[in-house]
Every structure is written in structure tokens, then in C-alpha cells.
Asks: 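Got a structure for you, written out below as C-alpha cells; questions coming shortly.
Hydrogens, waters and symmetry mates play no part in the numbers below; they use all other heavy atoms, side chains included.
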Amino acid sequence: LITPWNFPNAMIARKAAAALAAGCSMVIKPAPDTPLSALAIAELAERAGLPVGVLNVIPAGFENASSVGDALLESTAVRKISFTGSTNV
């Protein structure tokens with residue numbers, strides 16, 4: 001799940017809920033502007049009883065965000081990508 005900087009919690013909650021309800025674990029790569037939102041959601045999910053490793057966050061700074069995204073896209077372990085945002089303008 002690759003999320004935008006605007007409305008990060010809403011995007012994560014909406015898309016994570018569907019994936020988790022379907023029994024899927026997930027990796028969230030938040031926008032470099034809003035990594036703490038995703039980390040807070042992961043912490044709250046763990047406190048609520050979600051098993052460790054089901055909801056994962058990979059924060060990336062501006063300097064390596066595209067290489068982290070590329071690694072997710074190229075991984076054979078990743079079966080689905082959800083992207084909300086735009087390319088560089």
C-alpha cells in the first residue's frame with residue numbers, strides 16, 4: 001500500500017481494512033511527509049491484538065522513496081499493489 005501525504009490515516013484505514021478482512025498481511029509505504037501516521041496506525045493495530053508481521057510499515061525519506069517503491073514492485077512476494085497519489089509534477 002503506497003499512500004499519499006494528504007489524508008494518510010484515511011487512506012490507510014480504508015485500504016488496510018479491506019485487505020485485513022480478506023486475511024491478507026500488508027506492507028505500507030507512507031509518503032515521506034507523513035511516516036508517523038502510518039507508524040501510529042501500526043502501533044495501534046498491534047495494541048489491539050493484530051499479530052506482529054501482519055501490518056508492516058516501511059518509511060522512506062525523499063532521497064530513497066522511489067527505490068523502496070521499486071523494490072516493492074519488483075518483489076515476487078508482493079502479490080498486489082495499491083497506490084494512491086500522483087507522479088512527480
Asks: Can you name the closest pair of heavy atoms from Pro8 and Thr34 and give their distance?
Replies: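 Taking every non-hydrogen atom into account, CB-OG1, 3.8 Å.
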Asks: Is Trp5 linked to Phe7 within one hydrophobic cluster, defined over Ile, Leu, Val, Met, Phe, Trp and Tyr using a side-chain heavy-atom separation of less than 4.5 Å?
Replies: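 No, Trp5 and Phe7 fall in different hydrophobic clusters.
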Asks: Once side-chain hydrogen bond (donor to acceptor under 3.5 Å, both in side chains) is applied, do any residues pair with Lys29, and if so which ones, sequence neighbours excluded?
Replies: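 Lys29 satisfies side-chain hydrogen bond (donor to acceptor under 3.5 Å, both in side chains) with no other residue.
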Asks: Going from CD1 on Ile81 to CZ on Arg79, what distance comes out if it is rounded to the nearest 0.5 angstrom?
Replies: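 If we round to the nearest 0.5 Å, Ile81:CD1 and Arg79:CZ are 13.0 Å apart.
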Asks: Would you name the heavy atoms of Ala31 and Pro4 that are closest together and state the gap between them?
Replies: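 Shortest heavy-atom separation between Ala31 and Pro4 comes out as CB-C, 3.7 Å.
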Asks: Can you check whether Asn6 reaches Asp33 side chain to side chain, under 4.5 Å on heavy atoms?
Replies: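 Answer no - side chains too far apart.
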Asks: When clusters are formed by joining ILVMFWY residues with side-chain heavy atoms under 4.5 Å apart, either directly or through shared neighbours, do Val27 and Val54 land in the same one?
Replies: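 Each belongs to a different hydrophobic cluster.
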Asks: Can you give me the closest heavy-atom contact between Ala65 and Ala60, atom names plus distance?
Replies: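 Of all heavy-atom pairs spanning Ala65 and Ala60, the closest is CA-CB, 3.8 Å.
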Asks: Ignoring hydrogens and geometry beyond distance, is a side-chain donor-acceptor pair present between Lys15 and Thr84 at under 3.5 Å?
Replies: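 Their side chains do contain a donor-acceptor pair, which is all the 3.5 Å distance test asks for.
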Asks: Should Asn56 and Met26 be marked as a side chain to side chain contact (heavy atoms under 4.5 Å, CB included) after you check the CA-CA gap, both sets of side-chain angles, and the distance that decides it?
Replies: CA-CA 6 Å; Asn56 306 281; Met26 62 184 317; over 6 Å; no
Asks: Can you find a pair of side-chain heavy atoms, one from Ile28 and one from Leu55, that are under 4.5 Å apart?
Replies: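 Yes - at least one pair of side-chain heavy atoms lies under 4.5 Å apart.
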Asks: Under the side-chain contact (heavy atoms from CB on, under 4.5 Å) test against Phe83, which residue among Leu72, Leu73, Ile2, Thr3 passes?
Replies: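 For Phe83, the side-chain contact (heavy atoms from CB on, under 4.5 Å) check succeeds only for Ile2.
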Asks: Quick one: OG on Ser82 to CG on Leu1, what's the gap to the nearest 0.5 Å?
Replies: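 Answer for the OG-CG pair, Ser82 versus Leu1, is 5.0 Å.
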